[in-house]
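As structure tokens, the structure follows; a few thoughts come after it.
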Amino acid sequence: MEKIKMTTPLVEMDGDEMTRVLWKLIKEELLIPFVELKTEYYDLGLEYRNETDDAVTVDSALATKKYGVAVKCATITPNADRVKEYNLKEMWKSPNGTIRALLDGTVFRAPIIVKGIEPYVRNWVKPITIARHAYGDIYKAAEIKIPEAGKCELVYTKENGEEVRELIHEFKGPGILQGIHNLNSSIESFARSCFNFALDTRQDLWFSSKDTISKKYDHTFKDIFQEVYEKEYAEKFQALGIEYFYTLIDDAVARVIRSNGGFIWACKNYDGDVMSDMLATAFGSLSMMTSVLVSPDGKYEYEAAHGTVQRHYYKHLKGEETSTNPLATIFAWTGALRKRGELDQIHELCVFADKLEKACIDTVESGKMTKDLALITNLSYVESLNTEDFIKAIRSTLEASL
């Protein structure tokens, strides 16, 4: 068949370790034979980020603003051990955090649903999408170790020099202190991204925080969401027959467990970080969790929700066989290709993305899967494949559908 042609490039962000290996295999086996890939390539591997003083990450985010759609491989956020391992100049920040901040985006994460991989919560029959605020809170925190007794205050100094003070705690001995912040403009962008995504996907939207305890910080989130909803979205939601409501996060957790799924759950930054991993595990596997960063002005960056699969990479370097699940990374590519096709009105590209996703699901449902899924499936026939053979099995299924 003739390859599908693209008109506008995708921003392609390569990554680290085992997912970088998957990235190459996916392109060679599942994309390049069928699509004339047009990408603007950025190497976000840790070595090149270090070489460019992380400027490449900023450049990739600016390119996403320019072209509108990006696809990203998983990357390393270095800790002290990684600084030594890669001989880094410094402990570079999370690339995801940098990109989120520059795009002012919200992260939406949802599981890939496959028959035979049943959720641990049996009444979840539809996917639950987590919407994670991507700015502030502990990810932008200032922290102090308190060595001895003393008084700690929040101090806000206006431009005219006037001060506003709030006592935090009078320490009687050693302790710790953390200061977090957020921006009304960022919260408004978060709210609009959530409301727009709910309209696009025709799903109910829940938002949760802890405003009963945090009467200024969390309450501001609640108030801004309500104000944006009433002014800009209430009539649109009503016209589609979908609902927005706010509840406390502890109540939201109880509601989620009792639900059948099929809604968007918006959370503050840390809450979304934790709850997305909980949902991914409860639905079966973190390797089956999709992720898309959406900006308020409609820019999209697709990626897998998991990390770089370090343990498998070390086995790979030793020449040992691995059975790494590539599905979330494949779905990052299909999400980006579909969105590029929608924006550029290339119907064939959208159809290809749909067929590749179906080929992935059909392959697993036929009993062919990676080891992580083979350990949790309830299918009676299972063939556990290594990474390369699994991707080739998907290609065979895809070719049959084409």
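Classified by interplanar angle (parallel below 30°, tilted 30° to 60°, perpendicular above 60°), the ring pair His169/Phe171 is perpendicular. Under the 30°/60° scheme for interplanar angles, the aromatic rings of Phe237 and Tyr229 are found to stand perpendicular.
The aromatic ring centroids of Trp124 and Phe283 lie less than 6.0 Å from each other. Between Phe221 and His133, a ring centre-to-centre spacing shorter than 6.0 Å is recorded.
Side chains of Asn386 and Thr322 form no contact here, defined as non-hydrogen atoms less than 4.5 Å apart. Side-chain contact between His316 and Met18: present, with at least one pair of heavy atoms (C-beta onward) separated by less than 4.5 Å. Residues Arg82 and Gln310 meet the side-chain proximity criterion, which asks for heavy atoms closer than 4.5 Å. Within the 4.5 Å cutoff, the side chain of Asp218 has heavy atoms near those of the Lys210 side chain. In this structure the side chain of Gln178 reaches within 4.5 angstrom of the side chain of Ile138, judged on heavy atoms. Within the 4.5 Å cutoff, the side chain of Ser396 has no heavy atoms near those of the Thr363 side chain. The shortest distance between side-chain heavy atoms of Thr57 and Pro95 falls below 4.5 Å.
Separating the CZ atom in Arg395 from the CD1 atom in Ile26 is a distance of 13.5 Å, to the nearest 0.5 Å. Atom CD of Glu2 and atom NZ of Lys5 lie 4.0 Å apart (nearest 0.5 Å). The OH atom of Tyr270 lies 7.0 Å from the OH atom of Tyr139; values are rounded to the nearest 0.5 Å.
Side chain of Glu348 to backbone of Ile346: no donor-acceptor contact under 3.5 angstrom is found. Ser186 places no side-chain N or O within 3.5 Å of a backbone atom of Asn182 that could act as its donor or acceptor partner. Looking only at distances, no side-chain donor or acceptor of Thr377 sits under 3.5 Å from a matching main-chain atom of Ile117. Formation of a donor-acceptor pair under 3.5 Å by the Asp14 side chain with backbone atoms of Asp43 is not found in this model. Counting only distance, with no hydrogens or angles, the side chain of Thr308 and the backbone of Asp16 share no donor-acceptor pair below 3.5 Å. Panel note: side chain Ser323, backbone Leu385; a donor-acceptor pair is recorded below 3.5 Å.
Within a 6.0 Å sphere centred on NZ of Lys222, other residues, nucleotides and ligands contribute more than 12 heavy atoms. The number of heavy-atom neighbours closer than 6.0 Å to CG of Leu167, taken from other residues, nucleotides and ligands shown, is above 12. Taking a 6.0 Å sphere around CD of Glu166, one finds it holds 12 or fewer heavy atoms contributed by other residues, nucleotides or ligands. Around atom NZ of Lys358, no more than 12 heavy atoms belonging to other residues, nucleotides or ligands sit under 6.0 Å away. Counting non-hydrogen atoms of other residues, nucleotides and ligands closer than 6.0 Å to NE2 of His181 gives a total above 12.
Of the listed residues (Lys27, Lys72, Lys38), just one forms a salt bridge (Lys or Arg N to Asp or Glu O under 4.0 Å) with Glu12, and that residue is Lys27. When Asp277, Asp137, Asp273, Asp271 are each tested for a salt bridge (Lys or Arg N to Asp or Glu O under 4.0 Å) with Arg132, only one passes: Asp273. Phe225 pairs in a ring pair (Phe, Tyr, Trp, His ring centres under 6.0 Å) with only one of the listed residues (Tyr246, Phe190, Trp206, Phe245), which is Phe190.
Cation-pi check for Lys355 over Phe352 is not met; the charged atom does not lie both under 6.0 angstrom from the ring centroid and within 45 degrees of its normal.
Counting all heavy atoms, side chain and backbone alike, Ala332 lies closest to Ala304 at CB-N, 4.1 Å.
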